[in-house]
Amino acid sequence: MRYFDARLDENRSLGGGYFVLGLAGCESLSAAKPGQFVMIRGDWQRDPLLPRAFSLMSIGPDGRAEVLAKTVGRGTQMLERTLPGATIHVLGPLGTAFPEPQADVVDLLVAGGVGLPPMYMQAAWAAERKVAAQSEVLYGGRGAADIVLTEDMKAMGVGLHVTTEDGSVGTKGLVTVALEERLEVHRKAGRSVRVMGCGPNGMLWAIGRIAREREVPCFISLEEQMACGIGVCLGCAIPARSRPFRYVCSNGPVFDAADVLDVKPAP
Amino acid sequence: MRYFDARLDENRSLGGGYFVLGLAGCESLSAAKPGQFVMIRGDWQRDPLLPRAFSLMSIGPDGRAEVLAKTVGRGTQMLERTLPGATIHVLGPLGTAFPEPQADVVDLLVAGGVGLPPMYMQAAWAAERKVAAQSEVLYGGRGAADIVLTEDMKAMGVGLHVTTEDGSVGTKGLVTVALEERLEVHRKAGRSVRVMGCGPNGMLWAIGRIAREREVPCFISLEEQMACGIGVCLGCAIPARSRPFRYVCSNGPVFDAADVLDVKPAP
Amino acid sequence: MSATRTKTFEAPVKLAIESGGVSFKNPILTASGTFGYAREFERLTDLSELGGVVTKGISPKPRFGNATPRICETASGMLNSIGLENVGVEGFEKDKLPFLRQCGSRVLVNFFGTTVDEYVECGARLAALDGVDALEMNVSCPNIKAGGIEFGTDPRVLGELVRACRAVVKKPLWVKLTPNTADIVALAKACADNGADALSIINTISGMAIDARTRRPKIATIFGGLSGPAIKPIALRMVYQVKRAGVPLPISGIGGIQDATDVIEFFLAGASTVQVGTQSFVDPDASGGIVRALAARLVADGITDVRELVGALRVG
Amino acid sequence: MSATRTKTFEAPVKLAIESGGVSFKNPILTASGTFGYAREFERLTDLSELGGVVTKGISPKPRFGNATPRICETASGMLNSIGLENVGVEGFEKDKLPFLRQCGSRVLVNFFGTTVDEYVECGARLAALDGVDALEMNVSCPNIKAGGIEFGTDPRVLGELVRACRAVVKKPLWVKLTPNTADIVALAKACADNGADALSIINTISGMAIDARTRRPKIATIFGGLSGPAIKPIALRMVYQVKRAGVPLPISGIGGIQDATDVIEFFLAGASTVQVGTQSFVDPDASGGIVRALAARLVADGITDVRELVGALRVG
Ligand SMILES: Cc1cc2nc3c(=O)[nH]c(=O)nc-3n(C[C@H](O)[C@H](O)[C@H](O)COP(=O)(O)OP(=O)(O)OC[C@H]3O[C@@H](n4cnc5c(N)ncnc54)[C@H](O)[C@@H]3O)c2cc1C
Ligand SMILES: Cc1cc2nc3c(=O)[nH]c(=O)nc-3n(C[C@H](O)[C@H](O)[C@H](O)COP(=O)(O)OP(=O)(O)OC[C@H]3O[C@@H](n4cnc5c(N)ncnc54)[C@H](O)[C@@H]3O)c2cc1C
Ligand SMILES: Cc1cc2nc3c(=O)[nH]c(=O)nc-3n(C[C@H](O)[C@H](O)[C@H](O)COP(=O)(O)O)c2cc1C
Ligand SMILES: Cc1cc2nc3c(=O)[nH]c(=O)nc-3n(C[C@H](O)[C@H](O)[C@H](O)COP(=O)(O)O)c2cc1C
Ligand code: FES
Ligand code: FES
């Protein structure tokens, strides 16, 4: 596996600092699964120096990949300004994926803000495997600006429950409340359920605890500052139960919540 | 005077690493004269850090400016990749200019490679003042790839003598040889002549010496590494006769060759 | 822009700060050697917006500076070897000070010498000038009587130099430390123990660049001083080390400052003023812009007095 | 690419070099801590193209490393505080060395301890391992018996440490110098006088970054090591200072190397091998790419043997 040059064929702004990058020439990513990520670097000089990790949101048979980004710092600022036609250096697919959708299990896909891509891709996978009815996307954000691409997901035929902290769209409140409600519904109905999540680490810990209480399997995609994305720099370490440290890029980003939840950092 | 945001409305490649940047929104440069330059920085992060100096090639009444660049390093690499629509930070007009074209003096405008812009603009000025017949552009480069925009200059009605070291276009040889020939022709015809030049410093010293021998006035636009472009960093110093050091950005870039030619650097 | 500017000064946030014996209307100063004698910026920024101006380094006699080339760019930074070119004390008083006196911001004069006597003479003469609010000692200069070792690298030598100048300088005396050391705290203490009023941290870091094509150093003197964003992590570390060690002097933070966020970082580390250097080459209006942005940023963060930030780093 | 690669090895230019007691097929090594134990790169680059691999720093016992966050980006660089996490001597011999033995390039093992005895024990055990071509001593570690001051910052302490290890290490012993010093030459001489075979210059520079939003240091240990292109001018300067001072040891140049031009710059300054660090994070295939680009570049410049470049800087 090597960095390869993709061509930016679209840079679509969704408002609120969110934008979708369309990358042509990503045939080598075609086997990627939801939760896996790519390291991306634009064709600029020595600052920003390091590539950035982006979860894949889609990868088509035509070798066209999409990622969703939100501008928070220097790397995303540069990407937001990159115009179609530019060369983007891409390495991947990297890291672990979420478990395959199944016909007899309900998957609650919890997405927080820019944590949407893996959940979006997981929903698409369920649709592709004709089990979309078994998947529900619980999608939370601060306000309406943080809720994007909902039409796409409705079109996939998955359930969609939107929450915003300011109530500007969907149900007012935290996505974790929606999660509890849905878990309760499915428990009453006696369905077996899995929880998967991607978003701010704080949200992930919350859903991990909820899942633990109710003894449902839970998989979460964690974020850490990364340098290499390939398990070498040891920068993306997180305290874990199975070992003193696990690495988000090589052991994750998708972890069984049980292994990483409420682990006291090694002294 | 402040840095202002211009919009790149065209980035035209001329081959051989040469390209023309079209900058909209440069009304404040409208009084600029040939030889004057602007400091330019693209909308990128902290590397390249410093703005780069570019001689103006044209400035229209519509506030559209053009510069000619050749890719040699990180700054020009970034500019060459910048796509139309991007924001470019511009400061100027800065520095000294070449003397005004006159009806009774022949101006020999010696351009070497990417040193063309001021000579191009000077020729356009002569045309505008209806004295194009009194101006001759002597334009030299390594090979055909270094000779650009000749049609434009012919259209201005100025004389044009092209030389290349490999003879791939125009007369084979150095532009300084062409200069000697033209000086001789005009001497015989008893015309009063001025020499102006922009290009590699080596070429400028050569034409400075030629002009000195023949006792014709000579003005040259020098290059030095610059940081600020406004006379503050003292980085662009060059040894001079009138003072220990002169500054390319604030005392130049256009100097009377007599003041800077063959000056032994202060110990 | 004037709108923003007015807004700044009416903003419900206190930027004024007293530091190192000088009271500033705001903590944004311009770093020595990167702002000339201020007049160069007259039409490029609004000088009255600045907290203070630190002049180019002044020596007793005028100096013409080093051979060329003198500068080159490096990754997120630059090297310079200007050679402390300056107009000398007399030239400064005659040609530069009159403008500075009425520029509307504090005037700190950076100075240096090549012997202790030169430092003392230079400091005494400059401090005596009306319109000079404080002196900043550049101790990153070769001591010609000690084989060219910089005064600023040995705590004992530095301490003696500071004491000698302190004795004759009746105005606030700031000392600008060199980062070319294994122990910045020892240097800081030497200054505190010998009567300095404040510390400026840091000066440029010794570096070198080579042109692979010509096989020559990119600057004539081979070595030059590294500045710009590249050195910010080193500067922040040194400011924090001195602060954490309890050295009882206010700190003027310097190194790679480009925007209001950088200023806040230096304040959190322990600085109570900052100096903008190389960024003035990238944008002559940078310091004024930072003053405006800092005010807006503090208002947005609900901070009413910039002094709340000094040393407010959260650790552990 | 395989085309390019074959071309490289058939190219009419000699990249092979003997340095510090090791003969390399080319002078491009990977820097400790940035290339793991090489296996991590098995499918990301062609290991057999590399001149040598310097392993992650090994200590007598395994170490788990520091609290998180451990890294952050800075201007053209990064800070890290990994905490010398490693598998220990036993784990290295059992789990890592077998792969390294057959990876097709030289194996240099970087090692360290927290006391002189640990250094000696670690060095002796590693040197005894078959498949280890040389050792590189990381002296940028706190000496717990001396209040945590780094071994590498005091020439006397460093000299004794080198002598002690030299006595037990029967293989080439390289010493990696810390740049956190006012006098790199004194450190280099201390190594030469005590039997080191080569010098690696430089390790990371102590730095700090602060998150203005959270008011916390960006890495858990507050201070971290600065690396990347930002430090290249400082690294080049130190390599040249040591070379110019006539210290009789070959130098492995390290600091911000990204491409063949950087390699040539370090050679001109006096290095006879180089190590690629942070750039392997930017591009895992960087070192291989540099080997190919360097060969092509030398051919283009009509240079037949890379050794012609060592110390070939033109001054004056
Ligand atoms: C496995 C993985 C998958 C990822 N997937 C995605 C993805 O699909 N889309 C995406 O956009 N990002 C994703 N990220 C994050 C991404 O890698 C970058 O870290 C992020 O985009 C910020 O990069 P930047 O260069 O813009 O900011 P940087 O220049 O790296 O600066 C980040 C800095 O910004 C500050 N910061 C961080 N978050 C915020 C915030 N919310 N508001 C203000 N300041 C902040 C912090 O101080 C931090 O130091 C992923 C990360 C990982 C590890
Ligand atoms: C008054 C003035 C006017 C100028 N006008 C123009 C103009 O109109 N058009 C224009 O293109 N430039 C012009 N320049 C030069 C311009 O400012 C830049 O220096 C130049 O474009 C290179 O910038 P860069 O960032 O690409 O290279 P940098 O990143 O600055 O690197 C330059 C480096 O490239 C190397 N280098 C320099 N020249 C060459 C070369 N010919 N081949 C290979 N390597 C080389 C040197 O080692 C130098 O260190 C002008 C300069 C001045 C002072
Ligand atoms: C071109 C140039 C000239 C400088 N001249 C001086 C000087 O005369 N005296 C001094 O104390 N510092 C001088 N400095 C150092 C700066 O004041 C400042 O300490 C250093 O550049 C770091 O800050 P920065 O990264 O913001 O530039 C100079 C710096 C530069 C870039
Ligand atoms: C994440 C990281 C870990 C490192 N670990 C070690 C180490 O274990 N031992 C060592 O001697 N140097 C270590 N270094 C220093 C590098 O080997 C190298 O000296 C330094 O990064 C400068 O080179 P660069 O700018 O090319 O990265 C480490 C550097 C980084 C970035
Ligand atoms: S990002 Fe380098 S080990 Fe994970
Ligand atoms: S470029 Fe700064 S003085 Fe000329």
Side-chain angles (χ1 to χ4, degrees), chain C residues 72 74-79 149-150 153-154 178 180-183 205-218 220 222-224 226 228-241 244 256 258 260-269 297 301 309 312-316, chain D residues 72 74-79 149-150 153-154 178 180-183 205-218 220 222-224 226 228-241 244 256 258 260-269 297 301 309 312-316:
Chain C
C72 74
T74 64
S76 292
M78 66 177 282
L79 286 170
I149 308 156
E150 287 182 10
T153 50
D154 177 332
T178 173
N180 301 309
T181 173
D183 188 354
I205 301 175
S206 176
M208 174 177 182
I210 294 172
D211 186 327
R213 274 184 321 127
T214 62
R215 298 194 180 182
R216 299 194 164 278
K218 283 192 176 179
I222 303 179
F223 302 130
L226 183 64
I231 70 170
K232 193 182 80 173
I234 300 169
L236 272 174
R237 185 254 301 176
M238 290 183 165
V239 167
Y240 181 68
Q241 284 178 313
R244 190 175 64 167
Q258 293 192 293
T261 305
D262 294 330
V263 171
I264 292 171
E265 291 168 18
F266 273 91
F267 266 66
L268 293 171
R297 168 76 175 264
D301 294 359
L309 294 174
L313 185 73
R314 299 203 180 104
V315 289
Chain D
C72 74
T74 65
S76 293
M78 64 178 281
L79 286 170
I149 308 156
E150 287 182 8
T153 50
D154 177 332
T178 174
N180 301 308
T181 174
D183 188 355
I205 302 175
S206 176
M208 175 178 183
I210 295 172
D211 186 326
R213 276 182 320 124
T214 62
R215 297 195 181 181
R216 298 192 165 279
K218 283 192 176 180
I222 303 179
F223 302 130
L226 184 63
I231 70 170
K232 193 182 80 171
I234 300 170
L236 272 175
R237 185 255 301 177
M238 290 183 166
V239 167
Y240 181 68
Q241 284 179 313
R244 191 176 62 167
Q258 293 193 293
T261 305
D262 294 329
V263 171
I264 292 170
E265 289 168 18
F266 273 92
F267 266 65
L268 293 171
R297 168 76 176 265
D301 294 358
L309 294 174
L313 185 73
R314 299 205 180 102
V315 290

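Per chain, numbering begins at 1; letters A, B, ... match sequence-line order. Hydrogens, waters and symmetry mates are skipped; everything else that's a heavy atom, side chains included, is used.
Taken from CG in D/Leu236 to CG in C/Leu79, the straight-line distance is 9.5 Å, to the nearest 0.5 Å. Note that CG of C/Leu313 and CE of D/Met208 are 5.0 Å apart. Values are rounded to the nearest 0.5 Å. Of the inter-residue distances, the one linking D/Ile222 atom CD1 with C/Tyr240 atom OH reads 4.0 Å to the nearest 0.5 angstrom.
Between the D/Arg215 side chain and the C/Ala312 main chain, no donor and acceptor come within less than 3.5 Å of each other.
With a 4.5 Å cut-off on non-hydrogen atoms, D/Ile234 touches chain C through its backbone and its side chain both. With a 4.5 Å cut-off on non-hydrogen atoms, C/Leu226 touches chain D through its side chain but not through its backbone. Both the backbone and the side chain of D/Ala269 have a heavy atom closer than 4.5 Å to some heavy atom of chain C. Neither the backbone nor the side chain of C/Ile231 comes within less than 4.5 Å of any heavy atom of chain D. With a threshold of 4.5 angstrom between heavy atoms, C/Thr214 approaches chain D through N, CA, C or O but not through any side-chain atom. The contact between C/Thr261 and chain D is made by backbone and side chain atoms together, counting heavy-atom distances below 4.5 Å.
When each of D/Ser76, D/Ala75, D/Gly228, D/Ser206 is checked for heavy-atom pairs under 4.5 Å with chain C, D/Ser206 comes out on top. Chosen from C/Asp183, C/Val315, C/Thr153, the residue pairing most often with chain D at heavy-atom distances under 4.5 Å is C/Val315. Among the candidates D/Gly207, D/Ala220, D/Pro233, D/Ala182, the residue making the largest number of heavy-atom pairs closer than 4.5 Å to chain C is D/Pro233. Chosen from C/Pro229, C/Pro217, C/Ala209, C/Gly77, the residue pairing most often with chain D at heavy-atom distances under 4.5 Å is C/Pro217.
Taking each heavy atom of C/Ala212 and D/Glu265 in turn, the nearest pair found is CB-CG, 4.3 Å. Pairing each heavy atom of D/Arg216 with each of C/Arg314, the nearest pair is NH1-O, 3.5 Å.
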Practice prompt. Kindly determine whether D/Arg213 and C/Ile264 satisfy side chain to side chain contact (heavy atoms under 4.5 Å, CB included), including the steps that lead there.
Written response: CA-CA 9 Å; D/Arg213 276 182 320 124; C/Ile264 292 171; over 6 Å; no
